[in-house]
Each structure stands twice: as C-alpha cells, then as structure tokens.
There are 2 protein chains.
Amino acid sequence: MSSPTRPRARVTIRHVAEKAGVAVGTVSRVLKGADTVAPAIAERVRAAIAELRYVPSLAAQSLRGQGSRTIGCIVPDVSNRLYAQVVDAVKDAVRARGYSIIVMNTGHVVDREVRSIETAMRWDVEGLILVGGFEDRPEVEALLGRLGFPLVQIDRARADTTTVRVDHGKGLREAIGYLLAAGHRRIGLVTPDGSSLQSRERMRAFEEICRAEGAEDNLALVRCVEVNENAGYDAAYDLLTAEAPPTAVVTLGGDVLAGVLRFVRMRGIELPRDLSLVAIGDNELTRSLDPPLTAVSWNFRALGASAVDALFARILGRESDEGRITTIDCRLIERESVRRLDPSAAGDG
Amino acid sequence: MSSPTRPRARVTIRHVAEKAGVAVGTVSRVLKGADTVAPAIAERVRAAIAELRYVPSLAAQSLRGQGSRTIGCIVPDVSNRLYAQVVDAVKDAVRARGYSIIVMNTGHVVDREVRSIETAMRWDVEGLILVGGFEDRPEVEALLGRLGFPLVQIDRARADTTTVRVDHGKGLREAIGYLLAAGHRRIGLVTPDGSSLQSRERMRAFEEICRAEGAEDNLALVRCVEVNENAGYDAAYDLLTAEAPPTAVVTLGGDVLAGVLRFVRMRGIELPRDLSLVAIGDNELTRSLDPPLTAVSWNFRALGASAVDALFARILGRESDEGRITTIDCRLIERESVRRLDPSAAGDG
DNA sequence: CACCACGGGACAGAATCCTAG
DNA sequence: CCTAGGATTCTGTCCCGTGGT
C-alpha cells in the first residue's frame, strides 16, 4: 500500500546529516563516539538517527576499510549436536565482542569446503574458525595458506595454525581404564574413520592401552564408520553377532549411538546386564536414556570460547599466539550403563 | 614470515583487469556471465581470475549492485534441535539459490530480537525469515512494520505477513484421539506458555477435544512450562504426584521431554506400563529411547523449504503472495510408549 | 549508418583526513 | 586551537561513449 515498488528505501548517513543540518562527516564522528563534536550538535544528530531509524550499512563500512566486523565459521554439519553446541558457543562469544558470524556447512564435501572458504573471503571476514574433523585436501590447504586473515581451528590438525583441541585421547583412556577396572577384557570401539583427527587420537590411545594391558585382541574390535545412524547399527550388528562379542563397547554419540541403540533394542539386549556401553560426547540423549549412559564429556562452551579468544587475540594484533595449541579437558561421566564383570578385579573395599 | 604486517592484501577487480590487459568493466561483464565479451578476452580474464585467486567483494557488490545476495534468519535458539533442523533446511534452500544466510539467536529476549533485526538491516539482507514462537512486543512490531524487504515467518502469528506454519492443532488432536481410542481418560499436556503460537494452538485443540469428549477435568492437567529440562521435570513431578494422576501425558520434546524422562526414571515409572507418553516433535531421542516414543512429527525440511520458496517469490517481485499462509502437515508416529488401557474401547479385531 | 565490443567514468554509503573558518 | 565541512577512498556495477566494421 505505502509504495507500489519500494526502490531500496535505505536511510543513509546523508539523510541523517540533512535532517540534523550538519555535514556527513559530523554524523560519522558522532557515530564513532563523539570525540570532537559539540554536545548540542551531537544531540541533534542522535535525535535525527533515532527518528529516521538510521542503521549504518555494513557493506559501506566494510568497504571503506573498517573491517566487516564479521567472522566466519566452517563446520562439517551443524545439525549434528556435537558441532551445533560448539558453534553455539562460538556464536555467543563472537556476538559478545560485537561481531557477527556466518556459519557454513560443508557436509564433509571438499568442493563445499573450498566454496565455504571463498564465501568467507567474499564476506571479507576478519577471522575464520574451522571446526571439526577431517584432513585437508590439497585444494583446501592451498586456500588456507593464503587467507589474509587469522585462522583458528577446532579439533583439526593443520600445522602452524592456532588450534583448540579436545583431549580425545585422554577421554578414551579414561573410558577404557574404567571398563578394564570393571573387569571387562573384550572391549569394542565405534568411531569415525582415520581421516578425522579426533578419531585418530582415539584409535592411537586405544591401541596403546590395549598393548599395555596385553589385550591386543581388542584391536580387531575397532569399527570405523560413517557418521550416521545406519552405520552405527551396522557396526553394532557386526560387533555383537560375532563369535566372541565384546562385553563392552565405546561408541561415538549422536546418530551413531542412536543406531547402536536401535540394534540393542531390536536384539532385546539389556543394558548394562548384557552389554556395557560408553558414549563419546554427552548430551540430553545420553542423560535421558534408561539406563542413563556413562559418557565421555567435554565442555563445548569452553571449546568455542577458547577458539574465539585465540582468534581475537590474533585479529587484535597479538601475532605471538600463532600456532599455539590449547587443549580442552575430557573426562568420564559415570552413570549406569557399565556393569562390573569381575568382582575380584574391581572390588577394593 | 611472508610479510610482517599484512596490509589487507585484497585482490580487486582492477588487479584482474590489469593482469588481463582489459578494462574493469570487461572483467565485471565476464563475471556476470559473458553476454557480449569476445571468447578470447573472456578466457584471458578467467585465467587472470584463477591465477590471482580473485574473489569479488560482497561488500562492494552489495553496495553498488542490486542486493547483498543474503537473507537473514532469526531464531529463538539454534541449539534447540527443533529449531536447528528448521534452520538447516532454510540454510540449504537459500544456498541452493546462490544466496548466503546469516542466522541470529534471540534467546527469546526482546532486546536481542530488536538488535537482530537491526543487524539484518545493517547487512542489507534481501529478505528475512522469522522462526518460532513468541508474540511480538511493540518495539519489534514497529521495526517489522517498516523493514523495506520481504518478511516470512515460520510458526508465528504476525498479521498480514506471509506465513508458513505447522498444524500443531491437528497434531495434538491426533495424539489425544489416539490416547482416547486406547482407553485413556485422564490425559496431561506439557507445553510452553500461551505466548507461543504453537502452544496456543495446542491448548485450544486440547480444550476443544476435551469438551467434545466430556473430559473437561483434563483441562486441569495442562502445564505451561519454560523450555528447559528442569521445567519438564517439575511439570512431571507436579502432574504425576497429584492425587489423581493422568494415565497418559503429551509433552513437548527436546529438553522438556528430557526432564520428564528424568522424573520418570527417578520414580521407577515404567513406560508404557505405568504411564503412556507422547512426545511433540520427533528426533533421534524419541526414536532411540526404550521403548521408542510415540511422537507428533512434522517435516522440518518442508517447513524450511516452503518458507524460502515464499520468501523468494516475494524477493523476485511476486507481491501477490503477501499475507498468504501455508500449512505444513503434522501427524502421529505410532511407537511403543502408549498402553491400551481399556480393551473394550480399543479392541476391534 | 547501425551495431557491437570494450574502455572509462560516475556512483553506492561510510570513514578519514585536510583545510578553512 | 578547536570544530565542522568537504573531498577522497574503498570495490564492483552500470551506463554511456568511442572506435572499428
């Protein structure tokens, strides 16, 4: 009704200047924090801004060289809860600094990774956070090498890059240690394949601990899977219908866990009586199940916040942090999905 | 190592032009899809672009060109799975059209809603999608009234605005009808408070069906809660420790459901023997529980895709759609969390 | 003379710096 | 010396004009 075709009715700084009867430069000065503007004029300008509902154009500010006040965040899959929580923490930390964030999904597809990085460049982001998992292909490496703005990675392995990582190795060692103490000897592991840093850490830790305990047999009980429900189901089927099935399984959370549970339910396996289960990654699913699952947990908010801290340290010029690695702790939350198998091994008091 | 202080070494269209030995206008023409450029020149330009790794600045394009190729998406809480899935669908549909998206969280806080809308304006978004829930306060209304770009809402009630909504009323009617058919008479409902559109629809449907069935008593078994785990726990406590507790409860999914389940487990209540439970919103939690929960489900991707369709119809000039309301279906997924109470009422074969 | 490909310049909005009052 | 005006800058797009056929 108001106007048939609204021709980009943007209110610009000039409209404000005209309304307030001053020059555009003066309005700009008021906006940036009135250093050298007479109070009366500043007040007139502010009144005009409020009345016209003027909102400065980020495009223009960015173009002029203020920086875009934006950071990019590239994630394999935001609908995955594990990543979603990290991204959420990053988002909050970024917003707290008055910056905006654009989040991009790659779905683990190289081509989309490349395009995501290019999108970040198109936006003139002031910094980039790369979240999660997989090893970089040459094309991605090449792009990351000449970004022109700071890069921080979360749970990734790129060399010479500021990194915040979760101590997945320690988490897995705690889980296995706990299961061993409970008398389990045949222990399975379901984790993504080795192109993911986290998974490699877990597998290395698993191997070390198994060798140390003389339980090398367990190395045959590792299942590397895609991150989806059916893969979890298949892995569970594969492990638990074997001749000598494990008495305990440590599995990635989220959809993979959901698949494992589907198999467990279908077979009428009762937790923890027939099988002990430890989840990697803690959330409302692990907490809400009956029995609630013992899980390897880490602080998503700390992870995101640390990454943003590191990124802004670099944006704000402290180059010294380049290449620094921050490690976030990982610990076991004991719940009720693990059975004590061998009283003599576990009983101490 | 490469350069002590990198002074925004952005490659611009002019560098490309120089390298290719052409004018900037020609480069621009090649970029926009070679209309009237000689093939040989176009090839030279493309080579220069590739070699210099030129990526056009979105800020500049946005400023001079038609639009920012960006749409905004405002959500109460992305870490909530229900919203996360909608946002994900929106994200994909937007990307499929070559647009970028910026997602903003409000946490249901008015001030953050206002700032989110202003952020969208700063970005010069070409359209805005408002997701979820609560009624608008006057300040928000005022801003939305004079946006200057198309607005589509999902599951919101603003008048005269293109809307895509889920038929929560139908979903609830199906759930209650199913429970009634299974012989349940005392049925509880746990849902957010009435300032959310979805919740009001549910409560209205609940009231209608209860009156129609002469089960007005159930109106006292409605619990309006905050959307978090403790609120779910408290509501369950309140309902199930009463003198005449319901035999069935329909509850919002996600964190609220997790709280309800926590109470259920603590009390040793067995599903569905001691209590029948229907979840609103279906995801891997409802599917993975033992027993898997009967749930009210709707198609998140269709919801997001419809909203984006409607938005682009408006962006691309078809104003006729303004104010149109699209409804997404909502249906009950039968699983194993509902017990048949009364064989005479339920048995038919 | 008309037509087409390309060059060149103005312009979008905000910030900064120089100058004038 | 202090304040405010105004020109200039950033990058990509659009339009007009020119030169060649």
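Values in this document were obtained by computation on a predicted structure and should not be read as measured data.
Dashed line: the shortest gap from a side-chain N or O of B/Q61 to OP1 or OP2 of D/dT11 is not under 4.0 Å. Listed pair A/Y54 / C/dA14 meets the phosphate criterion, a side-chain N or O lying under 4.0 Å from OP1 or OP2.
At a threshold of 4.0 angstrom between heavy atoms, the contacts of A/S28 include nucleobase atoms, whether or not backbone atoms are also involved. Backbone-only contact: A/V22 has heavy atoms under 4.0 Å from sugar-phosphate atoms and none from a base.
A/V166 has its side chain out of reach of A/Q198: every pair of non-hydrogen atoms, C-beta onward, lies at least 4.5 Å apart.
With hydrogens and angles ignored, a donor-acceptor pair closer than 3.5 Å exists between the side chain of B/R29 and the base of C/dG7. For B/R64 against C/dG13, a side-chain-to-base donor-acceptor contact under 3.5 Å is absent.
A side-chain donor from one of A/T162 and A/R314 sits under 3.5 Å from a side-chain acceptor of the other.
Expressed to the nearest 0.5 Å, how far CG of B/D77 lies from CG of B/L82 amounts to 10.5 Å.
One atom, CZ of A/R44, and another, C1' of D/dT3, lie 13 Å apart when rounded to the nearest Å. Atom-to-atom, CZ of B/R14 to P of C/dG7 comes out at 14 Å; the value is rounded to the nearest Å.
Closest to the side chain of B/I13, out of C/dG7, D/dT13, C/dA14, is D/dT13.
Comment: A/R156 engages A/E113 in a salt bridge, judged by a side-chain N to carboxylate O separation of less than 4.0 angstrom.
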